[in-house]
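Lettering of chains follows the sequences in order, A, B, ..., and the numbering in each one begins at 1.
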Protein chains: 2
Amino acid sequence: MPRRPTVSPDRILAVAALEFAERGYAGARVDRIARRARVNKAMLYYHFGSKQALYRALLRQIFSSAAGRLHAIATSEAPPDQKIDRVIGEMAAFIAEHAFFPAIMLREVAEGGAHLDRDTLKALAGVPLAIGAIVQQGVAQKTLRSVHPIAAYFTMFAPILMYLAGTPIRKELAARHLGDMSSLPPDLFVQQLQRSVRLAFAVPRTRQPARHTRHHPHRTSHLAR
Amino acid sequence: MPRRPTVSPDRILAVAALEFAERGYAGARVDRIARRARVNKAMLYYHFGSKQALYRALLRQIFSSAAGRLHAIATSEAPPDQKIDRVIGEMAAFIAEHAFFPAIMLREVAEGGAHLDRDTLKALAGVPLAIGAIVQQGVAQKTLRSVHPIAAYFTMFAPILMYLAGTPIRKELAARHLGDMSSLPPDLFVQQLQRSVRLAFAVPRTRQPARHTRHHPHRTSHLAR
DNA sequence: GTCTATACTTCGATAGAC
DNA sequence: GTCTATCGAAGTATAGAC
């Protein structure tokens with residue numbers, strides 16, 4: 001995937017991704033997108049028709065791409081707990097390639113899908129569906145403890161999305177000496193999240209039929225960092 | 001300063017919270033806020049001066065309030081693992097009282113704090129700082145496993161924020177038959193998250209039973225309120 | 001403090017030549 | 001396909017009477 005697309009529509013989409021991520025749908029300016037893509041504004045309308053159509057085209061593309069990569073993991077041959085580890089890593093990799101993704105995703109969640117049509121919503125839904133499939137499989141075959149797929153989805157993905165989307169504001173806070181929130185680099189964050197999720201979803205090793213069942217994590221072999 | 005408004009700026013703030021949560025800073029309309037608050041637009045400017053000043057006043061208030069409640073838990077007398085359980089419950093309760101909070105928080109993270117001044121950023125930073133303090137305490141006294149405070153913050157809070165902010169879009173997906181994402185009610189989600197975090201942050205069980213353990217983690221279910 | 005009316009600006013979108 | 005020029009709507013903000 002070329003960093004600098006030479007075809008106008010692709011270049012427009014690439015620039016629009018940055019603009020919509022930085023400013024949101026309402027805050028994005030068609031003029032600015034056109035200028036940053038080095039095309040005329042009339043050219044942009046020639047290719048996409050409207051600001052809304054451009055937005056939808058962009059989100060369909062990015063959500064389909066993300067969902068596709070997660071779906072590939074979901075349908076692969078591996079134990080569910082391994083798939084979960086890989087899904088978190090894959091998501092981090094996807095965001096490393098598409099730095100604008102977290103902000104757009106967060107904004108669209110807050111927006112309630114207001115600017116999206118059915119096709120785009122369907123593409124968006126592909127992400128949680130892929131994760132849900134993995135979890136359901138693991139729960140069914142008892143390689144994961146009984147977690148609700150929706151709860152699992154948010155437990156795995158919300159942290160990495162918000163952590164990466166929040167990089168600018170953490171920098172801002174650090175620059176203004178309002179607390180050091182920048183000391184944890186992304187790759188270490190991903191490792192910590194993978195371990196937390198592993199522990200959170202693991203099948204309890206021993207069952208203690210006490211009044212209040214307390215589930216202890218097992219897998220002590222994973223403890224060495 | 002004494003104020004005896006026939007029309008309260010508080011009503012403007014309450015309505016602004018809904019508008020900014022639904023549409024974001026750029027998408028919010030001063031006209032609409034004024035109309036929904038049943039005040040004249042000139043009245044709004046009389047009290048707050050500008051759209052930006054209104055936004056900042058709102059966010060300072062809401063972030064200070066949230067951070068205050070978490071800070072109270074952080075400085076209370078309880079084992080860290082209990083505080084963590086309580087903090088998650090308290091956050092859920094806070095959002096139940098302020099349904100607009102998750103969307104505003106998500107949008108502001110994506111925005112990178114672009115419209116905020118130093119005071120408002122400081123109020124915002126109070127939330128992760130309160131959580132970080134709890135985790136650091138627990139790690140230091142070895143009642144929590146070694147988790148980075150920032151990683152812990154996002155692991156605990158991002159899921160509940162995104163889950164609750166995402167309620168409208170899940171409804172939209174369900175209404176369009178694009179996957180049933182609405183089957184998990186909020187209180188069950190909170191319980192599942194509390195358990196996941198408990199398991200994720202628990203001190204790994206040693207093979208041999210420890211002889212003198214001071215503080216035993218207790219299973220608690222603090223769905224505050 | 002509260003209102004009506006309006007000034008000023010910006011933005012999305014289009015017309016029409018080439 | 002690409003450009004310049006511009007329109008009309010919508011937005012923030014203010015003036016000034018009461």
When you get a sec, tell me which of D:dT2, D:dT12, C:dG12 is the closest nucleotide to the side chain of A:Lys51? C:dG12

For B:Lys41 and D:dG11, what is the distance between atoms NZ and P respectively, to the nearest whole Å? 9 Å

So, do A:Ile62 and A:Phe94 sit near enough that their side-chain heavy atoms are less than 4.5 Å apart? yes

Among the candidates D:dT6, D:dT4, D:dT12, find the nucleotide nearest to the side-chain atoms of A:Asn40. D:dT4

Residue pair B:Glu108 / B:Tyr55, side-chain donor-acceptor N/O under 3.5 Å: yes

With A:Ile134, the side-chain contact (heavy atoms from CB on, under 4.5 Å) member among A:His71, A:Lys83, A:Gln82: A:Lys83

Give the rounded distance in Å between these two atoms: CG of A:Asp31 and C1' of C:dG12. 8 Å

Students often get this wrong, so: under 4.0 angstrom with heavy atoms, is A:Ala34 touching a base, only sugar-phosphate, or nothing? nothing

For a quick test of reading the model: is some side-chain N or O of B:Tyr45 closer than 4.0 Å to OP1 or OP2 of D:dT14? no

Atom pair distance, as rounded to whole Å: CD1 in A:Ile33 and C1' in C:dC11: 12 Å

In whole angstrom, give the distance that lies between atom CG of B:Leu54 and atom P of D:dA13. 10 Å

What integer distance in Å separates A:Arg35:CZ from C:dG12:P? 12 Å

If only side-chain N and O atoms of A:Arg29 are considered, is one of them under 4.0 Å from the OP1 or OP2 phosphate oxygen of C:dT10? no

The side chain of B:Met43 is closest to which nucleotide in this list: C:dT4, C:dT2, D:dG1? C:dT2

Ignoring the backbone of A:Tyr46, work out which of D:dT12, C:dG12, D:dT2 is nearest its side chain. D:dT2

From the list D:dA13, C:dC3, C:dG12, which nucleotide is the closest neighbour of the side chain of B:Ala42? C:dC3

Taking every heavy atom of B:Thr155 against every heavy atom of B:Val197, the minimum-distance pair comes out as O-CG2, 4.4 Å

What is the minimum heavy-atom distance between B:Pro168 and A:Gly112, and which atoms define it? CB-CA, 4.2 Å

Interatomic distance where CD belongs to A:Gln52 and C1' belongs to C:dC11 [whole Å]: 16 Å

